[in-house]
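Below you'll find the structure, written out as structure tokens, and then a few comments.
In what follows, every chain begins at residue 1, and chains take the letters A, B, ... in the order their sequences are listed.
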Number of protein chains: 2
Amino acid sequence: MNIPLYLLGFLSRCGPQHGYRLKRLIAEMTADAADIKLPTVYYHLDKLQLQGHVTGSKSQEGKRPERSVYSITETGRKALQDMLAEALQFDYRPKFEADAVFFFIDSISKDVLVTTLNRYRERLEAVLAQLDDDREEGAAVPDMQSREMTEVVFSHYRHHYLAEVSWLSDTIDRLVAKGSRIPS
Amino acid sequence: MNIPLYLLGFLSRCGPQHGYRLKRLIAEMTADAADIKLPTVYYHLDKLQLQGHVTGSKSQEGKRPERSVYSITETGRKALQDMLAEALQFDYRPKFEADAVFFFIDSISKDVLVTTLNRYRERLEAVLAQLDDDREEGAAVPDMQSREMTEVVFSHYRHHYLAEVSWLSDTIDRLVAKGSRIPS
DNA sequence: TCCAATATAGTCAGTACTGATTAATCAGCA
DNA sequence: TGCTGATTAATCAGTACTGACTATATTGGA
């Protein structure tokens, strides 16, 4: 997910942050397109610190355990530019986890498969509806720039969910057609 | 990628195998849809052995280092059925690694972005062409059952690559339209 | 027949990631 | 005011994965 890019990017845009706040910032600003787990955030902040791309200033307040505010450094800004250039390579390599099933359907009845796929299609259509709701909500993202780009990202998901539905329809048709030719 | 499902599935279908052979079997039979790395294969075979789903019989031939032939056990076949049922849940959650760029384009000129996206589209179209070639090749997969299902999987990739191209076109149009309204 | 290249079979050490847990603070309300 | 549940902030121990490496066997050609 190119996590360091998100971390440096938002540290640069929003100024010094605690790891925890940074994680939430990213989730909010990207409308959850990037939901990075908290331990993962700290893992990468540590690495970035070793590389000198961020500095963490520890500070003790009262009896609280130590906590750090992370800031991007000058070399961090350089690294950010490099990462952006790298990300511009745009390499799409999807993995369809569930496709394994198709290699072993001989142990599944065709009826069950078709029924399951139909249910899957219903769920996908629900996700699409949800996605449109979230888009409306994403319209609440503060700055203009981010909002427009959030639209681009939403559209990205939308296209692929539609593709999934379309493939599903084809596949169901194919299975049903085959079933009618060779009725079991 | 549900690797244990592939391992048990092909051990079941093709009989006892060395880890190495199993890996290649899977690559061939799935026309590379599942390219599992060799150390990953052994990692999961070890786990499956601990769980009792496969047995590995060590055998020394000549001066060769020890090597194991793995077989699926009865509990392994049970586990395989469970995994198939689980995989039938069909959960599609795409992650678009490169989308991070869109949240930081303010530091990139629009011209560069549009040029880059156009180049990306060209590359995608090449991949689509390659995909069709591979499909032809996949037609050489031995048994009928596998071949048909390989078609389904190819069609899956095809739909999503087409979606990617279609999203790209929309996005480029959007960027260009915006650029013409507010010429920099 | 000897050698280089390739195929076969596997290990190891390190990277990336995350579920579960800890620990203090704060807001609401009985 | 004292208790409860949510929020803020972070760590730890474990899982999953893989690049780089080791070692033998086989094969095609000079």
Problem set entry | A:Trp167 side chain to A:Leu162 backbone, donor-acceptor under 3.5 Å | no
Taken to the nearest whole Å, NE2/A:His18 to C1'/C:dT25 is 13 Å
Considering only NZ, NE, NH1 and NH2 on the basic side and carboxylate oxygens on the acidic side, decide whether B:Glu74 and B:Arg77 come within less than 4.0 Å.
yes
Residues at least two apart in sequence or cross-chain that pass ring pair (Phe, Tyr, Trp, His ring centres under 6.0 Å) with B:Phe10, listed by chain then number, are A:Phe104
B:Ile3 atom CD1 is separated from D:dT15 atom C1', nearest whole Å, by 13 Å
Taking NZ, NE, NH1 and NH2 as the nitrogens, is one of them in A:Asp170 or B:Arg158 under 4.0 Å from a carboxylate oxygen of the other?
-> no
Does a side-chain N or O from A:Tyr20 land closer than 4.0 Å to OP1 or OP2 of D:dA10, or not? no
**Prompt:** Can any side-chain N or O of B:Thr115 pair as donor or acceptor with the backbone N or O of B:Asp111 at less than 3.5 Å?
**Reply:** yes
Whole-Å distance, B:Ile36 CD1 to D:dT18 P, equals 10 Å
Of the listed D:dT11, D:dC17, C:dG10, the closest approach to the B:Ser68 side chain comes from C:dG10
Against the side chain of A:Lys37, the closest entry in C:dG19, C:dT11, D:dA10 is C:dG19
When rounded to whole Å, the OH to C1' distance for the pair B:Tyr42 and D:dA20 reads 16 Å
Taking for B:Val41 and for A:Arg24 the nucleotide of DNA chain D with the nearest heavy atom, the one nearer the 5' end belongs to A:Arg24
| message | Can a donor-acceptor pair be found, under 3.5 Å and without considering hydrogens, that links the side chain of A:Arg135 to the backbone of A:Gln130? | response | no
Out of C:dG10, D:dT11, C:dT11, minimum distance to the side chain of A:Pro39 belongs to D:dT11
**Asked** Does A:Tyr43 have a side-chain nitrogen or oxygen under 4.0 Å from the phosphate oxygens OP1 or OP2 of C:dA16?
**Response** yes
In whole angstroms, the gap separating P of D:dA9 from CZ of A:Arg21 amounts to 7 Å
When rounded to whole Å, the NZ to P distance for the pair A:Lys58 and D:dA9 reads 14 Å
In whole angstroms, the gap separating P of D:dA16 from CG of B:Leu38 amounts to 18 Å
Residues of residues 44-55 of chain B with a heavy atom under 4.0 Å from any atom of DNA chain D, listed by number, are B:His44, B:Lys47
N-O pairing of A:Arg13 and B:Asp106 below 4.0 Å
yes
Between CG of A:Leu25 and C1' of D:dT8 the distance, given in whole Å, is 14 Å
